Amino acid sequence: MRKALFILLVTFSICCFSQGSKYVYARAQWGDKSTCLFYLNDQNPKAKYAEKKDYVLKNDKGEVMHFKHSMEFVNYLANQGWELMQVADISLINFDSETHFYFRKPQSEFTREELDKIIRKE
């Protein structure tokens with residue numbers, strides 16, 4: 001009886017915890033002219049190579065957003081539902097570094113059309 005109860009409890013726990021959310025992941029970094037580069041998907045799919053200008057964060061009107069410092073755009077993205085996961089300093093070849101901010105947001109907060117643009121199928 002104890003074995004059966006134990007197996008039932010373990011099975012129930014596995015089923016409950018395996019129903020985790022799926023997320024969309026993004027990266028942000030400080031851009032030129034006090035902007036935020038937000039790498040979520042290819043904003044200019046017709047271009048052969050993506051350029052930084054294609055990833056500048058814009059408001060609902062399509063205007064480039066300017067921030068006083070990186071924490072301001074981190075707070076803005078958090079207010080938009082993005083969860084900050086990690087901050088990493090990336091060393092560059094010229095002995096400089098960039099700070100990358102990694103975010104995630106549940107897929108359930110996106111429409112199917114938005115997910116089709118963001119998530120590559122093949």
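Small disclaimer: the values here were computed from a predicted structure and weren't measured. Index from 1, following the sequence.
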Locate the shortest heavy-atom distance separating Val24 from Gln107; write the atom from each residue and the value. CG2-CG, 3.7 Å

Over all heavy atoms of both residues, which pair between Arg27 and His100 is shortest? Give the atoms and the distance, please. NH1-CE1, 3.0 Å

Expected output: side-chain Lys105 to main-chain Phe110 donor-acceptor under 3.5 Å: no

Indicate yes or no: at least one non-hydrogen side-chain atom of Tyr23 is less than 4.5 angstrom from one of Pro106. yes

Under 4.5 Å between side-chain heavy atoms, hopping through other hydrophobics if needed: is there a path connecting Met71 to Tyr76? yes

Any side-chain heavy atom of Thr35 sitting closer than 4.5 Å to one from His66? yes

So, taking the atom named SG in Cys36 and the one named CZ in Phe67, what distance separates them when rounded to the nearest 0.5 Å? 5.5 Å

Can you name the nearest heavy-atom pair linking Thr99 to Gln29, along with the distance? O-CB, 3.5 Å

Where Thr111 and Glu114 come nearest, the two heavy atoms and their spacing: N-OE1, 2.9 Å

Distance-minimising heavy-atom pair for Trp30 and His69: CZ3-C, 3.2 Å

Could you check whether any side-chain heavy atom of Leu57 comes within less than 4.5 Å of a side-chain heavy atom of Leu37, counting everything from C-beta outward? no

Candidate list Trp82, Phe73, Tyr102, test ring-ring contact (aromatic ring centres under 6.0 Å, His included), partner Phe38, passing option: Trp82

Enclosure of Asn59 CG (heavy-atom neighbours >12, cutoff 6.0 Å): yes

